[in-house]
Amino acid sequence: MLFRSAIGITVPIVPGIMPVTHGPQIQKFAAMCGANIPQEMKAAIERFGDDQASVEAYGIEYATKQCAELLGNGAPGLHFYTLNKSKATRQICTDLGRPAPSQAGS
C-alpha cells in the first residue's frame, strides 16, 4: 500500500513503535524529543509507580493494540525501536501472530 498525499508522497510509510517498558525512561525520552505521552498512558504509568512488571505488561498490551490497528488500516509493516530491550517486541509479535524477530544480540 502506498501513502498518497496532496503534497506528492508516494512511498510506503512504515510506522515506528517504541513499546513502553519503563515509566520514568519513557517520560524522560518524551520530554527530550518534545513528544506527547497519551493521557491514558501517563495515568497508567503513575498508577503502577515502581511496579516495573506492571508497567512493562501495560506497555506491551498498549503497543500490541496500536500495532494491530496500524496493520489493520493498511500499514505496510512496523519498525520497532527496542533500545536493546527486545523482550517486549518479541512478545508483541507473538501476540499479533507474527514471527518474532531474532533474539541475537538481545
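Since this is a predicted model, take the numbers as computed values, not measurements.
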What's the shortest heavy-atom distance between Cys93 and Pro99, and which atoms?
-> CB-O, 3.7 Å
Which residues pass the side-chain contact (heavy atoms from CB on, under 4.5 Å) test with Ala31, sequence neighbours left out?
-> none
With a 4.5 Å heavy-atom cut-off, do Lys85 and Gln25 have their side chains touching?
-> yes
Measure across Leu83 and Met18 and return the closest heavy-atom pair with its distance rounded to 0.1 Å.
-> CD1-SD, 3.7 Å
Shortest non-hydrogen contact from Gly77 toward Pro15 | O-CD, 3.2 Å
Could you list the donor-acceptor pairs under 3.5 angstrom formed between side-chain atoms of residues 39-59 and any protein atom two or more places apart in sequence or on another chain?
from	atom 1	to	atom 2	distance (Å)
Glu40	OE2	Tyr58	OH	3.4
Asp51	OD1	Ser54	N	3.3
Asp51	OD1	Ser54	OG	3.4
Asp51	OD2	Ser54	OG	2.6
Gln52	NE2	Thr21	O	2.1
Glu56	OE2	Lys87	NZ	3.4

To the nearest 0.5 angstrom, please state how far the OG1 atom of Thr82 sits from the CZ atom of Arg90.
-> 9.5 Å
Which residues share a salt bridge (charged side-chain N to carboxylate O under 4.0 Å, His left out) with Lys65, sequence neighbours left out | Glu61
Members sharing Leu78's hydrophobic cluster, built from side-chain contacts under 4.5 Å between Ile, Leu, Val, Met, Phe, Trp and Tyr, are Ile17, Ile60, Leu70, Leu71, Phe80, Ile92, Leu96
Can you name the closest pair of heavy atoms from Pro38 and Tyr62 and give their distance?
-> CG-OH, 3.4 Å
Sequence neighbours excluded, every pair satisfying ring pair (Phe, Tyr, Trp, His ring centres under 6.0 Å) that has a member inside residues 9-36 | none
